[in-house]
Amino acid sequence: MAIMFCKLYFLPDIRENLGTQKSKELLSTLGKRLNSCIRSGDTVIHWENDKYALLMPQVNGIDEIAKINKRIKQSVEQSFKLGDTTVTLNGSLGIAVYPQDGSDINILLANANIALERAYQSKETYQFYNESMNSQALVALELEILLQQALDKKEFKLYYQPQINLNTGKTEAIEALLRWEHPEFGLVPPNNFIKSAEATQLIVPIGEWAIRQACQQNKAWQQEGLPPSRITVSLSSVQFQQTNLVSKIAEILTETVLEPQLLELEISAVSLLNNIEYSKTTLQNLKGLGVHIAIDDFTEGFSILEYLKHFPLDTLKIDKILVQQLAQSPKDLAIANALIGLGKGFDLRVVAEGVETQEQVDLLRNLDCQQMQGFWFSRPLEASETSKLLSLNDSESDTLGQIADSLMQESID
Ligand code: G
Ligand code: MN
């Protein structure tokens with residue numbers, strides 16, 4: 001049993017001007033919307049004024065509450081058309097769950113109400129009565145809400161890391177890397193939030209934002225007069241499974257007017273293995289747009305070798321875990337050797353990622369791997385610093401040397 005109180009407020013506060021007729025209309029639409037968010041067996045009650053109570057006799061875990069919570073938020077926040085007036089609402093939710101937050105319905109109602117007031121005061125989307133619930137699940141729910149807010153508040157940011165061609169000494173491509181710049185936590189690396197974003201499907205809008213931003217930035221560099229360079233962006237397997245992926249990419253390319261061949265999508269080897277036929281068709285359709293495809297996080301551990309020849313690829317990225325074992329493990333060196341040979345045999349651009357030491361550079365060079373990416377060359381940089389790097393592509397000087405001299409000190413962690 002759980003009780004959720006939902007308090008709604010107008011944005012901006014125009015309640016007084018709405019009039020009785022339109023207020024009634026609003027309440028009736030709102031009631032319908034809230035009813036469509038709940039499951040059979042749940043009840044919505046118009047409690048008082050701008051407050052609704054949601055009674056959920058059966059809840060199997062916090063995930064279910066999170067889902068309903070999310071549905072309500074999305075549903076309420078869609079604008080309401082009342083004749084010639086459009087109204088937007090926002091909502092705060094307070095939640096109390098039996099038995100930990102109250103042994104009878106009155107206590108639960110009171111506690112849900114307290115939680116609601118707290119949520120409302122702090123303009124939070126929701127608040128549980130107390131935090132004695134499974135703390136991990138709570139963190140997950142918090143994270144989901146924070147991620148949604150991060151999208152809304154534009155807290156995501158791209159950093160850029162060069163892929164250096166050791167033959168020419170120049171930047172061959174730039175990988176766009178997602179970071180979350182949280183006002184309190186600082187720069188959050190993707191490891192800390194991608195899993196949650198994938199589980200909640202939020203990775204789809206976040207990933208789309210990243211691709212659009214990367215394309216826009218790449219176009220902007222060209223417009224600054226910098227030599228055209230390819231930008232690479234990772235696709236999560238959840239994004240790769242979206243059936244409208246190809247049309248989304250086409251839309252972004254049209255919108256940003258970026259030449260398709262200047263975009264490379266990195267898809268991890270594992271996500272290509274989910275459904276071989278689907279992967280093949282999707283990759284072919286993406287190639288049809290003119291974009292490049294990289295197979296990311298490539299190691300020997302996948303049965304993907306069997307399918308590799310059927311996928312239309314341009315680039316093979318040697319996984320950083322393998323790169324980081326090269327110096328200690330002759331067997332991993334042998335594997336890297338084989339993978340680099342395989343890439344070359346398929347006429348792919350082979351890029352070793354996560355290169356951190358001179359020793360790794362030398363070992364990879366000996367294996368005839370000519371393109372590398374990693375902290376040894378440059379940490380991920382801000383867009384403005386990346387401009388400097390790209391400008392070196394036009395000059396006589398060797399990017400490699402310049403990176404060592406200047407950019408490494410300026411770059412971020
Ligand atoms: O596998 P994928 O391309 O998604 O990995 C990209 C991640 O690796 C980014 O978060 C990036 O910051 C990180 N990264 C980039 N260079 C290095 C490196 O030299 N060492 C390590 N450990 N991580 C790196
Ligand atoms: Mn990548």
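As the structure lists them, so they are numbered: ligands from 1, and atoms in each ligand from 1.
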Identify, by name, the N, O or S atom of Asp296 lying closest to the Mn ion (ligand 2). OD2

Which residue and atom name correspond to the protein heavy atom nearest atom 9 (C) of ligand 1, and how close is it? Leu177 CD2, 3.6 Å

More than 12 heavy atoms from other groups under 6.0 Å of CD on Gln58: no

Can you tell me which residue and heavy atom of the protein come closest to atom 1 (O) of ligand 1, and the distance to 0.1 Å? Asp297 OD1, 2.6 Å

Just checking: Ser234, one of its N/O/S atoms, less than 2.8 Å away from the Mn ion (ligand 2), yes or no? yes

Applying a 4.0 Å heavy-atom criterion (strictly less than), which segment of Arg179 is in contact with ligand 1: side chain, backbone, both, or neither? side chain

What atoms in ligand 1 come closer than 4.0 Å to a heavy atom of Gly374? 16 (N), 19 (O)

Contact partition for Gln373 relative to ligand 1, non-hydrogen atoms under 4.0 Å: neither

Shortest protein contact, atom 3 (O) of ligand 1 (heavy atom only): Glu353 OE1, 3.2 Å

Please classify the Val355 to ligand 1 contact at 4.0 Å (heavy-atom distances, strictly less than): side chain, backbone, both or neither. backbone

Starting from atom 22 (N) of ligand 1, what is the nearest protein heavy atom, named by residue and atom, and what distance separates them? Glu356 OE2, 3.0 Å

side-chain hydrogen bond (donor to acceptor under 3.5 Å, both in side chains) assessment of Gln371 paired with Gln163: CA-CA 6 Å; Gln371 299 196 28; Gln163 295 173 359; over 6 Å; no

Closer than 4.0 Å to some heavy atom of Gly354 - which atoms of ligand 1 meet that? 17 (C), 18 (C), 19 (O), 20 (N)

Mind running side-chain hydrogen bond (donor to acceptor under 3.5 Å, both in side chains) on Glu172 and Gln370 for me, showing each step along the way? CA-CA 10 Å; Glu172 184 84 23; Gln370 300 301 343; over 6 Å; no

Would you sort out whether Glu144 and Thr200 count as a side-chain hydrogen bond (donor to acceptor under 3.5 Å, both in side chains), showing the intermediate values? CA-CA 7 Å; Glu144 174 178 0; Thr200 56; 4.9 Å; no

Parallel, tilted or perpendicular for Phe156 and Phe193, by the 30°/60° rule? tilted

Are any of the N or O atoms of Phe375 closer than 3.5 Å to those of ligand 1? yes

Closest to the Mn ion (ligand 2), which N/O/S atom of Glu175 is it? OE2

Which of these passes side chain to side chain contact (heavy atoms under 4.5 Å, CB included) with Ile293: Leu272, Thr232, Ile267, Thr315? Ile267

Option among Leu147, Leu187, Leu151 that satisfies the side chain to side chain contact (heavy atoms under 4.5 Å, CB included) test with Trp180: Leu147

Run the numbers on Phe298 and Leu322 for side chain to side chain contact (heavy atoms under 4.5 Å, CB included), then give the verdict. CA-CA 9 Å; Phe298 199 81; Leu322 191 61; over 6 Å; no

With a cut-off of 2.8 Å, does Asp297 place any N/O/S atom under that distance from the Mn ion (ligand 2)? no

Which heavy atom in Leu333 sits nearest to a heavy atom in Leu367, and how many Å separate them? O-CD1, 3.9 Å

Any heavy-atom pair between the side chains of Ile231 and Leu262 that's under 4.5 Å? no

Which of the atoms in ligand 1, numbered in the order shown and given with their element, are less than 4.0 Å from a heavy-atom of Gln324? 20 (N), 21 (C), 22 (N)

Return the name of the atom in Glu266, of element N, O or S, nearest to the Mn ion (ligand 2). OE1

Checking the N or O distance criterion of under 3.5 Å, is ligand 1 in contact with Gln161? yes

Any side-chain heavy atom of Leu54 within less than 4.5 Å of one from Asp42? no

Ranked by distance from atom 7 (C) of ligand 1, the top protein heavy atom is Lys320 NZ, 3.5 Å

Only heavy atoms of Pro380, strictly under 4.0 Å: list the atoms of ligand 1 that pass. 12 (O)

Donor-acceptor pair between Thr357 and Trp376 side chains, under 3.5 angstrom: no

In terms of residue, atom name and distance, what is the protein heavy atom nearest to atom 4 (O) of ligand 1? Asp296 OD2, 3.8 Å

Using heavy atoms and a 4.0 Å limit, tell me yes or no: is Glu175 in contact with ligand 1? yes

Tell me, with the steps shown, if Arg39 and Val59 meet side chain to side chain contact (heavy atoms under 4.5 Å, CB included). CA-CA 10 Å; Arg39 310 155 305 167; Val59 277; 3.9 Å; yes

